[in-house]
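See below for the structure under consideration.
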Amino acid sequence: MTLQPTDELSAAAWLYATDVGPTRLITFGPASFPAYARLRYLPDPVLPNMRESDVRLPSRRSTEIDMARTALEALADYSSSTRDCYVCVWEGGATFRNPALTGGPMLDLPHRRYVLFTGTLDDLMGWSDLFDSEVYSAPAFVWPADHAWCFASDVDPHWAGIGADRGVVDRLVADRNLDVVHADPEERQPTYY
């Protein structure tokens with residue numbers, strides 16, 4: 001199967017119900033979790049004013065979507081409803097194969113508009129089928145229907161934010177297949193310039 005677009009935007013109401021600023025919301029999700037972490041797509045900068053282009057990466061490295069899938073597979077163990085998930089795709093992140101998707105109802109958050117999809121975490125395997133080009137990154141938001149966790153990946157940072165129970169975050173940080181570090185969404189996060 002593949003992710004299916006949905007007009008049922010009420011499933012995302014919990015994103016609006018949180019009392020956080022727009023940047024905090026699109027990078028870490030709702031403020032309802034006891035713990036947060038960052039999945040790093042790139043190592044954090046080690047020098048002041050460092051640019052992403054200054055990072056030396058191995059020639060064979062995972063893509064953002066592959067890293068996101070690995071994290072989401074790990075998160076699947078901590079929800080009772082991974083057969084019923086929601087995925088938001090930023091309208092400016094890629095060219096949709098079906099351009100009509102951006103003409104229907106969209107989820108409007110400050111500074112961003114998203115197409116909302118439903119499906120399972122396994123449906124993310126067909127992620128690239130949604131787009132007309134090879135230029136796409138990780139989903140902007142993913143959460144299970146039970147709100148056990150939230151994955152938030154905005155286009156600007158070099159990382160994705162994850163909110164969940166403290167034990168879940170601790171296990172993600174300890175997972176050797178992931179580059180996840182603890183994070184406090186109220187603090188300034190490492191940034192490339």
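Values below: all heavy atoms of this structure, side chains included; hydrogens, waters and symmetry mates excluded.
- Side chain of R97 to backbone of D129: a donor-acceptor contact under 3.5 angstrom is found.
- When side chains are defined from C-beta on, R112 counts as touching D154, because their heavy atoms get closer than 4.5 Å.
- No side-chain heavy atom of R38 sits less than 4.5 Å from a side-chain heavy atom of D179.
- A donor-acceptor pair under 3.5 Å is formed between the side chain of W149 and the backbone N or O of L75.
- Hydrophobic cluster membership differs between V155 and L130, with clusters built from Ile, Leu, Val, Met, Phe, Trp and Tyr side chains linked at under 4.5 angstrom.
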List, one per line, each side-chain donor-acceptor pair under 3.5 Å for residues 50-59, sequence neighbours excluded.
unit_1, atom_1, unit_2, atom_2, d
R51, NH1, Y193, O, 3.4
D54, OD2, R51, N, 3.0

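- Contact of the H182 side chain with the D170 side chain is registered, since non-hydrogen atoms from C-beta on lie closer than 4.5 Å.
- Taking OG of S79 as the reference point, atom CG of L72 lies at 11.0 Å (rounded to 0.5 Å).
- Put simply, L101 and W127 are part of the same group of oily side chains (I, L, V, M, F, W, Y) that touch within less than 4.5 Å, one to the next.
- Using a 4.5 Å heavy-atom cutoff, the side chains of R24 and E186 are in contact.
- Considering only residues two or more places apart in sequence or on other chains, E73 meets the salt bridge (Lys or Arg N to Asp or Glu O under 4.0 Å) condition with none of them.
- Taking SG of C88 as the start and CZ of R113 as the end, the distance is 12.5 Å to the nearest 0.5 Å.
- Between T118 atom OG1 and Q4 atom CD the span is 6.5 Å, to the nearest 0.5 Å.
- Of the possible polar contacts, one joining the Y16 side chain to the D108 backbone as a donor-acceptor pair under 3.5 Å is found.
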Applying side-chain hydrogen bond (donor to acceptor under 3.5 Å, both in side chains), run through D146 and S80 and close with a yes or a no. CA-CA 7 Å; D146 66 2; S80 61; 3.0 Å; yes
May I have the step-by-step check of side-chain contact (heavy atoms from CB on, under 4.5 Å) for L121 and R69, ending in yes or no? CA-CA 8 Å; L121 290 182; R69 280 187 190 119; over 6 Å; no
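- Distance CG/L3 to CG/L116: 10.0 Å, rounded to 0.5 Å.
- Minimum heavy-atom separation, S153 to P139: CB-O, 3.3 Å.
- Between L25 and H111 there is no side-chain heavy-atom pair separated by less than 4.5 Å.
- When hydrophobic clusters are built by joining Ile, Leu, Val, Met, Phe, Trp and Tyr residues whose side-chain heavy atoms come closer than 4.5 Å, directly or via intermediates, F96 is not grouped with W90.
- When all heavy atoms of A148 and F33 are compared, the pair lying nearest together is O-CE2, 3.6 Å.
- Atoms CD1 and OG, from I65 and S128 in turn, are 9.0 Å apart once rounded to the nearest 0.5 Å.
- Taking the ring pair (Phe, Tyr, Trp, His ring centres under 6.0 Å) definition, one finds that F151 meets it with nothing, sequence neighbours left out.
- A continuous path of hydrophobic side-chain contacts links W143 to V20 [ILVMFWY only; heavy atoms under 4.5 Å].
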Can D84 and S81 be said to form a side-chain hydrogen bond (donor to acceptor under 3.5 Å, both in side chains), step by step? CA-CA 5 Å; D84 187 13; S81 61; 5.9 Å; no
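- Under the 4.5 Å side-chain criterion, counting only non-hydrogen atoms from C-beta, Y78 is not in contact with P144.
- Aromatic ring pairs are classed by plane angle as parallel below 30°, tilted from 30° to 60° and perpendicular above 60°; the pair H147 and W14 is parallel.
- A heavy-atom distance below 4.5 Å is not found between the side chains of V180 and D175.
- Here the straight-line distance linking atom CG of L39 with atom CG of L172 works out to 9.0 Å at 0.5 Å rounding.
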F141/L109 under side-chain contact (heavy atoms from CB on, under 4.5 Å): CA gap, chis, key distance, verdict: CA-CA 12 Å; F141 288 101; L109 293 177; 3.7 Å; yes
Output side-chain donor-acceptor pairs under 3.5 Å for residues 158-166, partner residues at least two apart or in another chain, one line each.
unit_1, atom_1, unit_2, atom_2, d
H158, NE2, D44, OD1, 2.8
R166, NH2, P34, O, 2.8

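- Between the side chain of Q189 and the backbone N or O of E187 there is at least one donor-acceptor pair closer than 3.5 Å.
- Under the ring pair (Phe, Tyr, Trp, His ring centres under 6.0 Å) criterion, F117 pairs with no residue at all, not counting sequence neighbours.
- Y36 has its side chain out of reach of T27: every pair of non-hydrogen atoms, C-beta onward, lies at least 4.5 Å apart.
- Hydrophobic clustering places Y41 together with L124 (ILVMFWY residues linked when any side-chain heavy atoms are closer than 4.5 Å, directly or through intermediates).
- What you find for R40 and M67 is that their closest heavy atoms are O-SD, 3.9 Å.
- Taking D184 as the reference, nothing meets the salt bridge (Lys or Arg N to Asp or Glu O under 4.0 Å) condition, with sequence neighbours excluded.
- Closest of all the heavy-atom pairs between A74 and L178 is CB-CD1, 4.2 Å.
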